[in-house]
Amino acid sequence: MNEWLWIPSIFLTMGLLIFSYYLFGKTGLLMWIAIATIIANIQVTQTVDIFGFVFTLGNVVYGSCYLATDILNEKYGKQVARKGVYMGFFSLITTTVLMQFSLLYTPLSVKAALETSDSLHLLFGLLPWIAVGSLAAYLVSQLFDVFIYSKIRQKTGERKLWLRTTGSTVLSQLLDTLTFCAIAFHDMPFSIWWQIFITTYLAKFVVAWFATPFMYLAKRIHPTKQSTDAAA
């Protein structure tokens with residue numbers, strides 16, 4: 001059933017992003033980036049089999065951050081897009097720090113409390129290298145996405161929206177995957193490291209192409225006056 005869930009999850013995620021933009025305008029995109037970075041880093045703790053390959057979840061939601069950044073860049077400029085990147089990074093590092101601090105507490109010695117504590121440790125008890133790799137990969141790749149998107153737009157103007165959307169995301173996701181794997185799995189045997197790198201990037205590559213039509217939809221959307229005023 002995983003194959004039947006993964007593709008619809010792309011449409012669901014990207015659709016909710018576009019709906020957030022429609023309802024809240026620029027604020028909706030900034031809010032989405034903050035939410036998606038947190039959700040993606042929770043989902044990544046689950047490993048699944050899709051089409052015979054081992055994947056970690058979170059790639060779809062994480063990929064939507066690039067779409068949100070590209071929409072901000074396209075409609076509001078690269079300075080606003082960078083603001084979205086920094087907001088996402090702040091939400092990610094804040095969640096990491098606060099949850100690591102909460103794990104220091106000793107839970108109540110009853111079954112329900114102990115089970116809850118074990119679940120929190122499973123979700124948020126990140127190994128140091130994985131946490132560092134996630135933070136570094138996000139910041140480096142997202143800022144690169146804003147940079148390369150702006151450069152492609154300077155060359156193409158209002159033409160070839162698909163090129164700057166997909167091109168910037170595909171290149172940025174490659175940098176993201178390389179940075180994360182290089183830091184988080186630096187001591188892993190190369191044969192296993194390479195498999196993780198390829199399957200992770202492949203998933204992100206597919207998500208990037210599926211996201212392109214949603215960029216065209218966002219281009220046509222004009223948020224309501226109330227949401228535009230709230231975002232100003």
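Along the sequence shown, residues are numbered consecutively beginning with 1.
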Specify the closest pair of heavy atoms between S64 and L17, including all atoms of both residues, with the distance to one decimal.
O-CD2, 3.6 Å
Using modelled atom types only, decide if a donor and an acceptor are shared between the side chain of S20 and the backbone of L16 within a distance under 3.5 Å.
no
Checking side-chain contact (heavy atoms from CB on, under 4.5 Å) for the pair L92/I38: CA distance, chi angles, key distance, verdict?
CA-CA 6 Å; L92 182 57; I38 297 172; 5.7 Å; no
Please tell me if the side chains of I18 and I71 come closer than 4.5 Å, counting only heavy atoms from C-beta onward.
yes
Count I, L, V, M, F, W, Y as connected when their side-chain heavy atoms are under 4.5 Å apart, and connections chain through other members. Are Y86 and L72 then in the same cluster?
yes
Roughly how far, to the nearest 0.5 Å, is OH of Y216 from CD1 of I221?
15.0 Å
For the CG atom of L143 and the CZ atom of F147, what is their distance to the nearest 0.5 Å?
11.5 Å
How many angstroms lie between atom CD1 of I93 and atom CG of L139, to the nearest 0.5 angstrom?
9.5 Å
What class does the angle between the rings of W194 and F197 fall in, given that below 30° is parallel, 30 to 60° is tilted and above 60° is perpendicular?
parallel
Are F190 and I198 connected in a single hydrophobic cluster, I mean Ile/Leu/Val/Met/Phe/Trp/Tyr linked by side-chain heavy atoms less than 4.5 Å apart?
yes
For A211 against L67, the heavy-atom pair lying closest together:
O-CD1, 3.9 Å
Taking T199 for its side chain and I196 for its backbone only, find out whether a donor-acceptor pair lies under 3.5 Å.
yes
Verify whether one side chain among Y76 and K83 offers a donor that lies under 3.5 Å from an acceptor in the other.
no
Side chains of N73 and D145: closer than 4.5 Å at any heavy-atom pair?
no
Is atom NZ of K219 surrounded by more than 12 heavy atoms (other residues, nucleotides or ligands) closer than 6.0 Å?
yes
Is there a path of hydrophobic side-chain contacts, each under 4.5 Å between heavy atoms of I/L/V/M/F/W/Y residues, joining L202 to F185?
no
Min side-chain heavy-atom separation Q142-C65 under 4.5 Å
yes
Taking side chain as C-beta onward, heavy atoms only, is V207 less than 4.5 Å from W6?
yes
Check: F51 main-chain N/O paired with E3 side-chain donor or acceptor under 3.5 Å:
yes
For the pair F89 and Y138, name the ring-plane relationship: parallel under 30°, tilted 30 to 60°, perpendicular over 60°.
parallel
Less than 6.0 angstrom separating the ring centers of Y66 and Y62, yes or no?
yes
Under a 4.5 Å cut-off applied to non-hydrogen side-chain atoms, are L161 and R164 in contact?
yes
Separation between OH (Y21) and NE2 (H222), nearest 0.5 Å, reads 8.0 Å
Any donor and acceptor pair, going by atom type alone, linking the side chain of S117 with main-chain N or O of L114 inside 3.5 Å?
no
Would you indicate whether the side-chain heavy atoms of Y149 and K78 approach each other to under 4.5 Å?
no
Side-chain donor/acceptor of K204 to backbone N/O of S172, under 3.5 Å
no
Take the angle between the ring planes of F19 and Y22 and call it parallel below 30°, perpendicular above 60°, tilted in between.
parallel
Flag yes if M99 and F90 sit in one hydrophobic cluster, no otherwise; membership is Ile, Leu, Val, Met, Phe, Trp, Tyr, and two members link when side-chain heavy atoms are under 4.5 Å apart.
no
Scanning both residues in full, the closest heavy-atom pair of I183 with A136 reads CD1-CB, 3.8 Å
For side-chain contact (heavy atoms from CB on, under 4.5 Å), just list the numbers for I39 and Q43, CA-CA rounded to whole Å, side-chain angles, deciding distance to a tenth of an Å, and then say yes or no.
CA-CA 6 Å; I39 293 176; Q43 289 184 339; 3.9 Å; yes
If the plane angle is over 60° it's perpendicular, under 30° parallel, otherwise tilted; pick one for W162 and W209.
parallel
Has S91 got a side-chain atom pairing as donor or acceptor with G88's backbone, closer than 3.5 angstrom?
yes
Only one of T69, I148, D176, D70 passes side-chain contact (heavy atoms from CB on, under 4.5 Å) with T169, and that residue is D70
Do F24 and L29 have side chains that approach each other closer than 4.5 Å (heavy atoms only, starting at C-beta)?
no
Is the shortest side-chain heavy-atom distance between V170 and Y201 below 4.5 Å?
yes
Membership question, hydrophobic clusters at under 4.5 Å side-chain separation (ILVMFWY): are L171 and V140 in the same one?
yes
Test log, rule side-chain hydrogen bond (donor to acceptor under 3.5 Å, both in side chains), inputs T95 and N41:
CA-CA 10 Å; T95 302; N41 277 272; over 6 Å; no
Donor-acceptor check, side chain of T166 to backbone of L163, threshold 3.5 angstrom: yes or no?
no
To the closest 0.5 Å, what do you measure between CG (L178) and CD (Q173)?
12.5 Å
To the nearest 0.5 Å, tell me how far L98 CG sits from T94 OG1.
6.0 Å
Examine distances only and state if a side-chain atom of N2 and a backbone atom of D49 form a donor-acceptor pair shorter than 3.5 Å.
yes
